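See below for the structure under consideration.
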Amino acid sequence: LVPLLKEREDIIFPYMSDILRGDDFMWKYWIMDLIIPDFSIEHKNALKNDILVLINDYDIYEDTESIREIAKECYKNCGF
């Protein structure tokens, strides 16, 4: 499924910000781990602030800590 999503970047990109701002921890984790780092520079830059919010604004719970860590990794892997 991941290769297909990556091939359809222009189709899925408009939904990425909503996912990052939503409540589904699994979707957030997987798109930051497997999809966003391979996006175009333009799309990565458009999601930069959403990723920073996940790095900086989460309370520390088991699920949110894993989101914070993958957001940090995604940020680094995006070249920011």
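Model, not experiment: these values are computed from the prediction.
Taken to the nearest 0.5 Å, the CG atom of Asn45 stands 9.5 Å off from the CG atom of Asn49. Remark: Ile31 CD1 to Phe39 CZ distance equals 7.5 Å, nearest 0.5 Å. Between the SG atom in Cys74 and the CG atom in Leu47 there is a gap of 8.0 Å [rounded to 0.5 Å].
Between the side chain of Lys44 and the backbone N or O of Pro37, at least one donor-acceptor pair lies under 3.5 Å.
For the pair Ile51/Leu20, a side-chain contact is recorded, criterion being any heavy-atom separation below 4.5 Å from C-beta on. Looking at Met16 and Asp50, their side chains never come closer than 4.5 Å, going by heavy atoms from C-beta outward. Residues Val53 and Arg21 are not in side-chain contact: their nearest non-hydrogen atoms beyond the backbone lie 4.5 Å or more apart. Looking at Ile36 and His43, their side chains never come closer than 4.5 Å, going by heavy atoms from C-beta outward.
Using a 30° and 60° split on the angle between ring planes, Tyr75 and Phe80 fall in the tilted class, from 30° to 60°.
Between Leu54 and Lys28, the closest heavy-atom pair is CD2-NZ, 4.0 Å.
Residues meeting the salt bridge (charged side-chain N to carboxylate O under 4.0 Å, His left out) test with Asp38, sequence neighbours left out: Lys6. Tyr15 pairs by the side-chain contact (heavy atoms from CB on, under 4.5 Å) definition with nothing, not counting sequence neighbours. Annotation: side-chain contact (heavy atoms from CB on, under 4.5 Å) contacts of Tyr29 (sequence neighbours excluded): Asp33, Ile67, Ile70. Considering only residues two or more places apart in sequence or on other chains, Glu73 meets the side-chain hydrogen bond (donor to acceptor under 3.5 Å, both in side chains) condition with Lys76. Evaluation of the salt bridge (charged side-chain N to carboxylate O under 4.0 Å, His left out) rule for Glu69 yields Lys72 as partners, not counting sequence neighbours. In this view, Leu5 and Leu1, Ile12, Ile35 satisfy the side-chain contact (heavy atoms from CB on, under 4.5 Å) rule, not counting sequence neighbours.
Counting heavy-atom neighbours within 6.0 Å of Asp18 CG, excluding the residue itself, gives a total above 12. Other residues, nucleotides and ligands contribute only 12 or fewer heavy atoms inside 6.0 Å of the CD1 atom of Ile41.
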